[in-house]
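Quick note on labels: first sequence line is chain A, next is B, and so on, each numbered from 1.
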Amino acid sequence: MMMNQEIAEIFDRMARVLAFKGKDRFRALAYERAAGSLRGIEQDLTELAGQKKLKNIPGIGKDLSEMIEEYIRTGHITRCEREMRDVPDELLVLMDIPGLGPKTLALLNKKFHIKNIKDLERLIEKGALPEFHGFGKKKIENLRRGIGMFEANTQRRRLGVVLPMAEKLLDEARRIKLVERADLAGSVRRRTETIGDIDLLIASSNGEEALREFVKLPSIKRVRALGKTSASVITEGDLQTDVRAVSQQSYGAALQYFTGSKQHTVRLRTMARERGLKINEYGVFRGEDRIGGEDEKDVYYALGLKFMPPELREDRGEIEAAIDGHLPTLIEENDLRGDLHMHTTWSDGRASVEEMVERAAKLGREYIALTDHSQSSRIARGLDLERLELKIEEVEALRKRRGKRKPRVLMGAEVDILADGRLDYPDQILARLDVVVASIHSAFRQSKDRITGRLLDAIANPYVQIIGHPTTRLIGAREPVEFNFRQVVKATVAAGVALEVNGSPNRLDLNDVMTRAAHEAGSLLAIDSDAHSTAQLAQTSFGVSQARRAWVEARSVVNTWPWPKFSRWMRHRRRPAEEEIG
DNA sequence: GCCGTTTTCGGCCCGACTGTTTTCAGTCG
């Protein structure tokens, strides 16, 4: 996993260096595609290399596979390093400035010896950047603005932050009279874990006028570009939003194009070309004849493919699967019957047991587990044995009060996996809990072997049903812990333990790529909210999105199971263990 | 640099917007 990331970054950097140097742009594209491929697979590159299977990875051929082998052996790729040596990172990163691409950067570097952001600012602020052929006042002004945006906000934002803003904007757009239809597209629609910008598509018989209305919406702060069919704006909260307007008859083709991913769409268009068709955002064409485009499905059907949900469109094998007729039937939000990880005021939650149960009932949950923290999580007010007793009493009283009303309320705990691999409650206490989620909350920096050992120990405990947020990463804030993922997955498969897909938008842990690998290896999954308030109970939807991105079908997710099946699984490892003790 | 029910060489998705170009280059998605 780490290795894939590292090599992907080198390849990405190579692509930019080649673009900067003005070399063959298709060579740069090849590196880009390879980087994307590596990010999309979880398989161990060392193992693939050992089996001489690197070339099976799409976009990896003779040269790149040799480079990967070299990296595995030595931690270096000589050819890349030689190519990249004379282009320092601080220069390359300037390509992240909106509107500043490789050509302009190369020019500024050659003509004015710009090497980093400081040089560039100095040049512009002093008004020392003269106008010259092909470089006028407006370009300079745009560059100045681009630098401002670059410095204000370079990082991508979490889906959980962006999605509500995007939906608000969509709402406003739909209220414009000239707007006949509107939908979110792009990475928001594909539900990637972080978002660079919002893409919005509208249908209108007068797109130009509709766009003019759109950019006047109150939540639009600034207009970057405005044309007949598209506009680019900065919204409140400094999110870039790209809007595209098409006619109804092109809406489906436009939605497909605008949803991407780029690589997925390129594949479709290449397939079309091979079949004598042309796909663009206006439709599917055979020669001059439009043969489809009003519905998104038209694009796929024209190529003899089944329709693919947006979450699959990453060029991670979905096109091949569609050709073979092996597309998965993805889990849907409605499939969830239970939620097995949440907190109350007993530990660090903001809502009481009662409030959480009531809200869960409104969400239609059939069963839920109240899983407050265990004693070692002091900051989270984890429950010592005494308070745990009190909570058990409260939950039992609540169960009596509620009788047969749904949801069934299960007594649970999120139990720390301690630094030495022991769990934070003794077995006789765990035996009294219906649901045990075991999670790492400390000693993140231990060696790979020790973390692996801790997880394996937790999985071996017969009272544990779920490993909570397995990597402990916080998006944009904390790196995942390192452990032998395949070994851990193997153990969960053997033990019938579920790996969590934590729905908190700060976590999304496991992520899409790892979830897919776990799922394909046969591991059970649990999609939980990890809610710390009533509102957060709905965050399971983010977990479901990630699971869909991971090709997950409902049958592998334990909390989609009807109660009888779920409750059997919940207890399936306990009986023999209890007999042993008893 | 990759890739092949046309191809082992010659392709590689397709179009919009901006600026300053009098016919297009650069950037973006």
### Query
Would you say A:Arg79 reaches B:dG1's phosphate, i.e. side-chain N/O to OP1/OP2 under 4.0 Å?
yes

### Task
Would you classify A:Asp197 as touching base, sugar-phosphate or nothing, given that sugar-phosphate means primed atoms plus P, OP1 and OP2, and contacts are heavy atoms under 4.0 Å?
sugar-phosphate

### Side-chain N or O of A:Tyr282 closer than 4.0 Å to phosphate OP1/OP2 of B:dA16
yes

### Query
Between A:Lys278 and B:dG15, is there a side-chain N or O to OP1/OP2 distance below 4.0 Å?
yes

### Query
Is it true that A:Arg516 and A:Asp512 make a salt bridge, defined as a side-chain N closer than 4.0 Å to a carboxylate O?
no

### Query
Would you say A:Thr270 reaches B:dC12's phosphate, i.e. side-chain N/O to OP1/OP2 under 4.0 Å?
no

#### Entry: Watson-Crick or G-U wobble partner of B:dT8, both distances under 3.5 Å
none

### Query
NA contact type, A:Leu29, heavy-atom cut-off 4.0 Å: base, sugar-phosphate, or nothing?
nothing

### Task
Measure the distance from CG on A:Leu105 to C1' on B:dA25 and round it to the nearest whole Å.
16 Å

### Message
Using whole Å, what does the distance between atom C1' of nucleotide B:dG1 and atom CD1 of A:Ile77 come to?
### Response
14 Å

#### Entry: Length of the NZ-C1' vector between A:Lys139 and B:dC17, whole Å
12 Å

### Query
Got a salt bridge between A:Lys216 and A:Glu172, using NZ or NE/NH1/NH2 to carboxylate O under 4.0 Å?
no

### Residue pair A:Asn506 / A:Arg158, side-chain donor-acceptor N/O under 3.5 Å
yes

### Query
Which part of the nucleic acid, if any, lies within reach of A:Arg244 when heavy atoms closer than 4.0 Å are counted: base, sugar-phosphate only, or nothing?
sugar-phosphate

### Summary
Ranking B:dA16, B:dC2, B:dG19 by distance to the side chain of A:Lys138, first place goes to B:dG19

### Message
Once you apply a heavy-atom cut-off of 4.0 Å, does A:Lys137 come out as touching a base, just sugar-phosphate, or nothing?
### Response
sugar-phosphate

### Task
Would you check if there is a donor-acceptor pair between the side chains of A:Gln43 and A:Arg486 at a distance under 3.5 Å?
no

### Message
On the nucleotide B:dC28, are OP1 or OP2 found under 4.0 Å from the side-chain N or O atoms that A:Gln240 carries?
### Response
no

### Task
Could you identify which residues of residues 291-327 of chain A place a heavy atom less than 4.0 Å from some atom of DNA chain B, listed by residue number, or say none?
none

### Task
Please work out if A:Leu268 contacts a base, only the sugar-phosphate, or nothing of the nucleic acid, heavy-atom cut-off 4.0 Å.
nothing

### Message
Students often get this wrong, so: under 4.0 angstrom with heavy atoms, is A:Ile97 touching a base, only sugar-phosphate, or nothing?
### Response
sugar-phosphate

### Message
Given B:dT27, B:dC14, B:dG1, identify the nucleotide with an atom nearest to the side chain of A:Pro102.
### Response
B:dT27

#### Entry: Test: A:Arg122 and A:Asp119 ion pair at under 4.0 Å
yes

### B:dT27 OP1/OP2 closer than 4.0 Å to side-chain N/O of A:Thr104
yes

### Query
Which part of the nucleic acid, if any, lies within reach of A:Lys262 when heavy atoms closer than 4.0 Å are counted: base, sugar-phosphate only, or nothing?
base

### Query
If you look at every strand shown and take non-hydrogen atoms under 4.0 Å, does A:Arg273 touch a base, only sugar-phosphate, or nothing?
sugar-phosphate

### Message
As a test of reading the structure: which of B:dT18, B:dC2, B:dC14 is closest to the side chain of A:Ala225, going by heavy atoms?
### Response
B:dT18

### Task
Would you mind reading off the distance between A:Arg25 atom CZ and B:dG11 atom P, rounded to a whole angstrom?
13 Å

### Salt bridge flag under 4.0 Å for residues A:Arg79 and A:Glu83
no

### Query
Quick one: is B:dC13 close enough that its OP1 or OP2 comes under 4.0 Å of any side-chain N or O from A:Arg269?
no

### Summary
note: A:Arg267, atom CZ; B:dC2, atom P; distance rounded to Å ~ 16 Å

### Query
To the side chain of A:Phe26, which of B:dA16, B:dG1, B:dG26 is closest?
B:dG1

### Query
Any Lys/Arg nitrogen of A:Lys55 or A:Asp63 sitting under 4.0 Å from an Asp/Glu carboxylate oxygen of the other?
no

### Task
Nearest whole angstrom, please: distance from the P of B:dG15 to the NZ of A:Lys228.
17 Å

### Message
Tell me whether the count of non-hydrogen atoms from other residues, nucleotides or ligands lying under 6.0 Å of CZ in A:Arg25 goes above 12.
### Response
no

#### Entry: Distance, P atom - from B:dG1 to B:dT6, rounded to whole angstrom
28 Å

### Query
Hey, does A:Glu32 reach any base, or is it just sugar-phosphate, or nothing, if we go heavy atoms under 4.0 Å?
nothing

### Task
Using the six-membered ring wherever Trp is involved, compare the ring planes of A:Phe307 and A:Tyr300 and label them parallel, tilted or perpendicular (cut-offs 30° and 60°).
perpendicular

### Message
Expressed as a whole number of angstroms, how long is the span from A:Asp24:CG to B:dC3:P?
### Response
15 Å

### SB check A:Arg269 A:Glu281 (cutoff 4.0 Å)
yes

### Task
Take atom CZ of A:Arg33 and atom P of B:dC3, then tell me their distance rounded to the nearest Å.
7 Å

### Message
I want to confirm an ordering. Mapping A:Ser230 and A:Gly136 to their closest nucleotides on DNA chain B, which one lands closer to the 5' end?
### Response
A:Ser230

### Query
Which nucleotide sits closest to the side chain of A:Asn142: B:dT27, B:dT18, B:dG15?
B:dT18

